[in-house]
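Below you'll find the structure, written out as structure tokens, and then a few comments.
Keep in mind that the numbers below use all heavy atoms, side chains included, and drop hydrogens, waters and symmetry copies.
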Amino acid sequence: MAPSARFTEDFAYEVLSVVGEIPEGTVATYGQIARLIGRNKNSRLVARVLSHASDYGEFPCHRVVNHAGRLVPGWPEQAFLLRQEGVELKDAMHVDLRKYQWEC
DNA sequence: AAGTTGACAAGAG
DNA sequence: ACTCTTGCCAACT
């Protein structure tokens with residue numbers, strides 16, 4: 001049980017549920033996830049859930065990037081993980097969304 | 001209580 | 001592609 005339910009367990013559960021559906025070799029954007037769960041204005045909250053995802057369990061949070069395809073600032077390891085799954089990187093900090101963005 | 005910060009998005013220049 | 005501004009919402013100070 002959460003020490004003090006961050007935003008509402010529902011929101012966190014919805015986000016993590018979607019993240020868990022992202023197939024290997026693909027990535028999703030915060031805005032995309034936010035829309036899938038019906039909260040397209042809450043894209044920032046999606047990011048916050050992922051940053052605390054470890055508190056809820058283990059999820060492929062490395063498959064989530066921002067709208068520009070840029071990887072998480074402050075987490076260089078993410079590029080390595082994506083590369084292992086077959087995601088081609090444009091730079092050390094960007095993925096090729098036009099090829100690897102997850103479609104629902 | 002109020003202002004700032006942040007793994008963001010979208011529009012404008 | 002980049003920076004600046006606006007909107008959004010919870011956590012932090």
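- Whole-Å rounding puts the A:Phe11 CZ to C:dA11 C1' distance at 14 Å.
- When rounded to the nearest whole Å, the span between CG of A:Asn66 and C1' of B:dC8 equals 7 Å.
- In this structure, A:Lys41 places its NZ atom 11 Å from C1' of B:dA9, rounding to the nearest Å.
- Atom-to-atom, CZ of A:Arg39 to C1' of C:dG7 comes out at 18 Å; the value is rounded to the nearest Å.
- A:Gln32 approaches A:Glu103 most closely through the heavy-atom pair NE2-CA, 4.3 Å.
- Surrounding CD of A:Gln84 are more than 12 heavy atoms belonging to other residues, nucleotides or ligands, all under 6.0 Å away.
- When distances are taken from the side chain of A:Asn42 to each of C:dC9, B:dA7, B:dA9, the shortest belongs to C:dC9.
- Across B:dA7 and C:dG7, the matching P atoms stand 22 Å from one another, rounded to whole Å.
- Rounded to an integer number of Å, the gap from A:Gln32 CD to B:dC8 P is 16 Å.
- When every heavy atom of A:Tyr100 is checked against every heavy atom of A:Gly25, the shortest pair comes out as CD2-O, 3.2 Å.
- A donor-acceptor distance shorter than 3.5 angstrom exists from the side chain of A:Gln78 to the backbone of A:Val64, with no hydrogens or angles considered.
- Put simply, NZ on A:Lys90 is 10 Å from P on C:dC2, counting in whole angstrom units.
- Between the side chain of A:Tyr30 and the base of B:dA7, a donor-acceptor pair under 3.5 Å is found.
- The distance between atom CZ of A:Arg70 and atom C1' of C:dC2, rounded to the nearest whole Å, is 12 Å.
- Closest contact between the side chain of A:Arg44 and the listed nucleotides B:dC8, B:dA7, B:dA9 involves B:dC8.
- Within the structure, a side-chain polar atom (N or O) of A:Arg35 is placed less than 4.0 Å from OP1 or OP2 of B:dA10.
- Going from atom CD of A:Gln101 over to atom P of B:dA9 covers 10 Å, rounded to whole Å.
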